[in-house]
Amino acid sequence: MAAIGVSCRGLVSIYRLEGYDVVALAGVDLDIAPGESVALLGPSGSGKSTLLSVLAGLMRPAAGRAYVGDVDLAKASEADLARMRASDVGVALQGARRNLLPYLSAEQNVRFAQRAGRSPDGLKPTAPREILSLVGLAVRGRMRLKPGALTPGERQRLALAVALANRPGLLLADEPTSQLDTGARDEVLAALEAVRRFGTTVVVVTHDPDVGSRMARTVTIRDGRVGGEGHSGEEFAVVGRDGSVHLPPDVLEALPPGTYLRVELQPDGSALLVPAVSPANSSNGATTVPVSSVPSQWNGATRSVGSSVPIVGDGVHLGRRPGDYYGEDR
Ligand SMILES: Nc1ncnc2c1ncn2[C@@H]1O[C@H](COP(=O)(O)OP(=O)(O)OP(=O)(O)O)[C@@H](O)[C@H]1O
């Protein structure tokens, strides 16, 4: 199946518990192009796994829009979601063993997943060996082994193979490298890269910054929203639809919540942050936060925004276009 993209606009996701609700996603705006490879990073509890669950069609958006290809996850019928899960989207849950049947060999696990799912377009399923070869497991001796006899890294790659059994256009993997040593982690990363080259969009949740640094794009989720992005190793804050920007953690230390700021647009189109002692007395003691020259991006096209950049917290609005990226001053 051809690679499938993702689009979220103001995506809200809520766990409804007895007596109270937990807002796990609080307005995610995110586009992932078909064939991209993206790592979702962020602190524990920030909403990464919830986002994965929504994209997998396992949880409905409470508000906002989310599309996987042309499937509208808020409006799709249960049958449409089941179809999407069976053929369009492959999911590797956290913990390889949760994805595998312990009494079947590696090859049989893939074959079983093919029977449980549905071959795209009614085509004959791909030979399990071909899928196992994609993740580096098509070695006869290994294909015949049961999950318990494989190494942890091989088990994780088998979990990916099972998720790929029906050749989905989008692979979602939750912490595929957790608890692996460096060698096994690198093999899993190589397998994910092979999957992407094969023409599958890859979205991975990870705590491991090293894993993030090996993916072309990282998206950091903070407090249920997109808090920043990394492209080719460079970090950017992202202007949200409401004009707000998450402060990067190191800037937040210098400008803690509650800090009053003046945001000054410069003639060259850049902007400065000016912390103020108090709004009533902002001319006394105000200092300028130095910011650096960076490009910003809009829909993938790089354009210059000038010699300094704004870094502002919730409630401070920039009046720039939503989705603009700003580099952090380092
Ligand atoms: N089944 C659930 N019931 C209630 N609240 C939940 C449930 N799952 C997650 N949450 C809450 O939703 C928020 C987001 O959790 P989520 O698991 O998506 O974050 P995460 O970034 O994946 O965290 P981690 O990295 O620790 O897995 C957290 O406040 C969490 O406590």
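Ligands are counted one by one from 1 in listed order, and the atoms in each one are counted from 1 as well. Every heavy atom of this structure was used, including side-chain atoms; hydrogens, water molecules and symmetry mates were not.
- Side chains of Thr177 and Asp208: a donor-acceptor N/O pair is absent below 3.5 angstrom, by distance only.
- Checked against side chain to side chain donor-acceptor pair (under 3.5 Å), Arg97 has no partners two or more places apart in sequence or in another chain.
- Counting only distance, with no hydrogens or angles, the side chain of Thr201 and the backbone of Ile4 share a donor-acceptor pair below 3.5 Å.
- Considering only residues two or more places apart in sequence or on other chains, Ser37 meets the side chain to side chain donor-acceptor pair (under 3.5 Å) condition with none of them.
- A distance limit of 4.0 angstrom between heavy atoms and ligand 1 selects the residues Tyr15, Leu17, Val22, Ala24, Pro43, Ser44, Gly45, Ser46, Gly47, Lys48, Ser49, Thr50, His207.
- Donor-acceptor pairing under 3.5 Å is recorded for the side chains of Arg167 and Thr126.
- The salt bridge (Lys or Arg N to Asp or Glu O under 4.0 Å) search around Arg142 returns Glu154, not counting sequence neighbours.
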